[in-house]
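Structure first, commentary second.
Below, chain A is the first sequence line, B the second, and so on; all start at residue 1.
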Amino acid sequence: MIGAVHSQLGPFHAPHVDWKGMSPLLSVLGGSAAVLIAGLFPGRRTQRVVVPVLAIAALIAAIGLTVWIWEPGGVRPIVAGALSVDTLALGVSVLFYVAGIATILLSLRSAVVRECGAGEYASLLLGSIGGMVLLAGAQNLVTIFIGLELLSIPLYILCGSRVRQEHSLEAGLKYLIVGSVGSATLLYGLALLYGATGSTSLSVIGHAVGTRVPLDDPLVLTGVALAATGLAFKASIAPFHTWTPDVYQGAPTPVTTFMAVATKAAAFAILLRLFDEGLISDRTNWGPALAALAVASIVIGNAGAIGQRSMKRLLAWSGVAQAGYILAGVVVGTRLGIQTSAFYLAIYLPMNVAAFAVVIARMRVSERGDDMAALEGLGRSSPWLAWPMTIAMLALAGFPATAGFIGKFYLIDATVAGGYAWLGVAIVIGSMISLVYYLRVIAVMWMSPSEVEVPAPAPARASPSRRVRSVAGWSPEADVRAQPEVAFVAIACAAATVFFGIVPEPLLHLAREVGSAISSAL
Amino acid sequence: MSVPLSVTIFLPLAAGLAGAVLPRGWARWTVLAAALAVLGIAIWMVADYPAGGAGLRDLTNQQWIPELGIRYSLGVDGLNVFLIALTALLWVAATAAACFREWDRPRLFYFHMALAETAVLGAFCAQDLALFVFFFDLMLVPFYFLIGSWGGRQRVRATTKLVIYTLVGSLLMLAGAVALGVLATPAGGHVSFALPVLAHRLVGKGTQEWIFLLFAAAFLVKAPAFPFHGWMPDAYRAAPIPVLVVFSAVLSKVGMYGFLRIVVPLLPQAAQHYQTLMIVIAVVSILYGSALAFSQDDARLVVGYSSVAQLGFILLGIFALDVEGKGAQGAVLQMVNHGLVVAPLFLIIWALSARAGGSESLGRMGGVAFRAPALAGLFLIVALATLAMPGSANFVGELLILFGTFSTKLAFGLVASAGVALAAVYMIRMYQRSMHNRVGAAVESRDVTRGELVTIAPLVAVIVALGVYPHFVVARTERSTVRQERPAASLEHASETGGQASVPPAGTAELGPLGRAP
């Protein structure tokens, strides 16, 4: 039987593997295996020092290898056209590595590592990063799906890794179900695209649509719609965002941090790849649909965030809104649009990680968990945490002297130049709504609590956090020193946010190189 | 010889940062010293500025974000030189007034004061549209903290309202600015936001019109003009007085300055198209502000609503668009005048409330003048200047504005001149209620203290000096101002005479505002 198939297809040639091009991916996946084995050795030292150091070393090595193989311009895909190592893939994957390092630092003292096992935790995280790298470089429908699953499955486990906590399990299960629906939808869409064009290669599909296959071919249109829906689930774009607040809130906070920045970047990398490279010729058909999704995300995300008391939920809703902003760059479909999306993804990372780091620091010492009230008076008690949070909120709201301002500026620039000026106005209107909740967080930290109007606490479910009684004599200043790595992540990210708000040129230059990867863009 | 503008702008911020790391007691002195240094530089700038000068001086022009076509471009001309000086002067007054009080978390307070000065100076000096937007939005951050952390009751609510109102306008302006820069770029050209470049790359009339509305939203909220003043009463009630001094006296001018620097020269056809709308807003602001100023009991709100009326006058002058540019010159003069009278008014209210048991209600003041003749004298000078008594620079400013309006929109000018009379009504009422009348129940009158004298008297001296010699300002601002208005004014002129729109070449001799050739 097998022999018959073999003779039908002719001799099987293993594709040429470009080891150099794959080296960052191999570093991450190798690291994943290494930390899993290292975690098997007993001893407190191994769990608390060796495993994180190994994981961070693997990620730093991956960054170094990425710099080594970085080459602007159109680069031929490797491994028989399955994987691309162009600047778009490499540039976005650096974001995954940085997010991974931040996540490992943030979870050093986290309960999730004790419950799940240090080796397993780091291994799953690195495995997920491997999937993201694969997804960002996917040049083939099959690679897209493998990357997406490799990304998602470890995350399902990580979300539910606080096995003794109902909320964490609930988050894991919800993410699993919704994520599977998204994956299935995507797979269905990819299958239809294959059916319409007869190829799984993005470049062949790109050439076929509009020439061999008519632009309004029903198979193509249905395929595009289903694929967009599937990816919208991953990127938490409204109206496919409903899982986001619950999962973000229930998952262990370091994992939430990782999902908020890295998963989003991965989903947008493939959105850019699929729509602005593979399906660019069909832009007249998908453009308005994606634009509608962007506007829906901006409006729903910002409106949803207003009523939140839980910081994790607030950041989840704000993430939905920000996804709408980034999607605007995809919609425009020009090279400038790709650059803006890449730039915004890059600055989105420090803004969010800074905010989550402060939330983590507060959740560990405050009995109010991730409730906004846990931030009360932070400006007075520990300004080293209050400033990063302030800067993160101002940046997310788009105030000048932060990277968020430049990001908004760049996005509006791209939308106006791409003929979508009204989308630029939608971004602006979304930013106006967002002020209500971003400023409230700042007010809670710096201004007297009795004066700040916060939403009433949700009656149904109490804060899901670990309830730790605050120890008598706890000193707020000691809090920063007790977890220096969390404060370090927060301060470093806030510093990066301000730095790129004043000197954005290096990052813009990189974004331009990322944009040069997609040669078909206008 | 002159100090680079960047030093002037960023000196306060540097002092604020230094104060934040130095011991607690030093913050006020470092920030005050920086404010004084900036004042010194500003005085030198004014002294050095030639009468009849028009071109940009002290130019700093460097690439900032070449990818986006944004330049770090600063410059001083007749339009902003006095506004920079006003900013510097009032920041010294406000910081000095603050130094006489103890503040909670002083290092943070003075850091925000310093950051605010940097942002305002940056907005006045910016010669690049994107840079202007950058500083314009940055101004809001320190004031958000200053009002929200150190203000009176309901401060968080007030400051949130203020920020949302203002940023709604600012974000619309951001969209407008980017759109203007991108749409003005000729095919194959590079995007540029530099104001001189944009002045040569005018966009089509339809585009100008919608971009105009986005900018107008930002500047009218900032002013505030009716009906965009909803944030004003709350913010004015909540703000601490030293913050309110600079907030009311300087920040409102940035919006008006934006009209003159950006909107009118870069969007001349739209300015002409919406001239009537803007004049209606101006006239309604004058009447509404005056009427409400008359009926307020809270002394801060009397001044607040009078500001709405005064800014209505300034707006009227800017959009008079007369060929000789008298309206605009009056507007620039009046920006300086209004800043100079509002600041001491708030400081005087602070002094009065200290004598009236902490109340700022006019009903609880009264009879202060009897034992405080010096304070009463200072207040009288400021009050008379505010109501534009002949002999004050305000009189000259309002007269120029009305002249300009009469020559283009006579009917509106006549209605607006009622505002001059109304100003007398509300200012004299305020003066009488607080200084004369029956002595209030909790009033303990005493004459001006050293701290009050140090902060109020110099401002009054400047008011008197300008009243004696307003031509000093007019001669220096005139040519720059007229140049900003010329494209729009010539359109207006052409539409009236039915002739062809033609821009008079630069360098044509314009008559001086007082009928003298420059």
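- Contacts between residues 387-398 of chain A and chain B, counted as heavy-atom pairs separated by less than 4.5 Å, involve Trp387(A), Thr390(A), Leu394(A).
- Sequence neighbours left out, not one pair with a member in residues 173-189 of chain B passes side chain to side chain donor-acceptor pair (under 3.5 Å).
- Thr160(B) contributes atom OG1, which lies 10.0 Å from atom CG of Leu435(A) (distance to the nearest 0.5 angstrom).
- The contact between Leu172(B) and chain A is made by backbone and side chain atoms together, counting heavy-atom distances below 4.5 Å.
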(message) Pair Arg380(A), Asp104(B) - check side chain to side chain contact (heavy atoms under 4.5 Å, CB included), show working.
(response) CA-CA 10 Å; Arg380(A) 200 181 289 270; Asp104(B) 185 28; 2.8 Å; yes
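- Within a 6.0 Å sphere centred on CH2 of Trp26(B), heavy atoms belonging to other residues, nucleotides or ligands number 12 at most.
- For a residue to count as touching a neighbouring chain, one of its non-hydrogen atoms must lie under 4.5 Å from one of that chain's; by this rule Phe399(A) touches chain B with the side chain only.
- Closest approach of Ser149(B) and Met447(A) over heavy atoms only: OG-CG, 3.6 Å.
- For Arg512(A), the salt bridge (Lys or Arg N to Asp or Glu O under 4.0 Å) partners at least two apart in sequence or on another chain are Glu67(B).
- Here the closest heavy-atom approach between residue Val416(A) and residue Ala179(B) is recorded as CG1-CA, 3.9 Å.
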(request) May I have the step-by-step check of side chain to side chain contact (heavy atoms under 4.5 Å, CB included) for Leu108(B) and Trp446(A), ending in yes or no? (result) CA-CA 11 Å; Leu108(B) 203 57; Trp446(A) 294 98; 3.3 Å; yes
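- For Val168(B), the parts lying near chain A are the backbone and the side chain together; criterion is any non-hydrogen pair under 4.5 Å.
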(message) Assess the residue pair Phe405(A) and Leu138(B) against the criterion (side chain to side chain contact (heavy atoms under 4.5 Å, CB included)); give the C-alpha distance rounded to whole Å, side-chain angles, the decisive distance to 0.1 Å, and a yes or no.
(response) CA-CA 10 Å; Phe405(A) 177 77; Leu138(B) 186 62; over 6 Å; no
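- Leu167(B) CG to Leu439(A) CG: the interatomic distance, rounded to the nearest 0.5 Å, is 7.5 Å.
- Ranked by heavy-atom pairs under 4.5 Å with chain A, the first of Val163(B), Ile65(B), Leu140(B) is Ile65(B).
- Put simply, of Val191(B), Ile70(B), Leu214(B), Leu183(B), the one with the most heavy-atom pairs under 4.5 Å next to chain A is Ile70(B).
- Atom CG of residue Leu508(A) and atom CG of residue Leu68(B) lie 5.5 Å apart, to the nearest 0.5 angstrom.
- With hydrogens and angles disregarded, no donor-acceptor distance shorter than 3.5 Å links the side chain of Tyr144(B) to the backbone of Ile442(A).
- Between the CZ atom in Phe134(B) and the CD1 atom in Ile502(A) there is a gap of 6.0 Å [rounded to 0.5 Å].
- To the nearest 0.5 Å, the span separating CE on Met432(A) from CD1 on Ile164(B) amounts to 11.0 Å.
- With sequence neighbours left out, Phe135(B) forms a ring-ring contact (aromatic ring centres under 6.0 Å, His included) with no residue at all.
- The backbone N or O of Glu505(A) lies less than 3.5 Å from no partner atom in the side chain of Trp64(B), so there is not a single donor-acceptor pair.
- With a 4.5 angstrom heavy-atom cutoff, Tyr72(B) does not touch chain A via any of its atoms.
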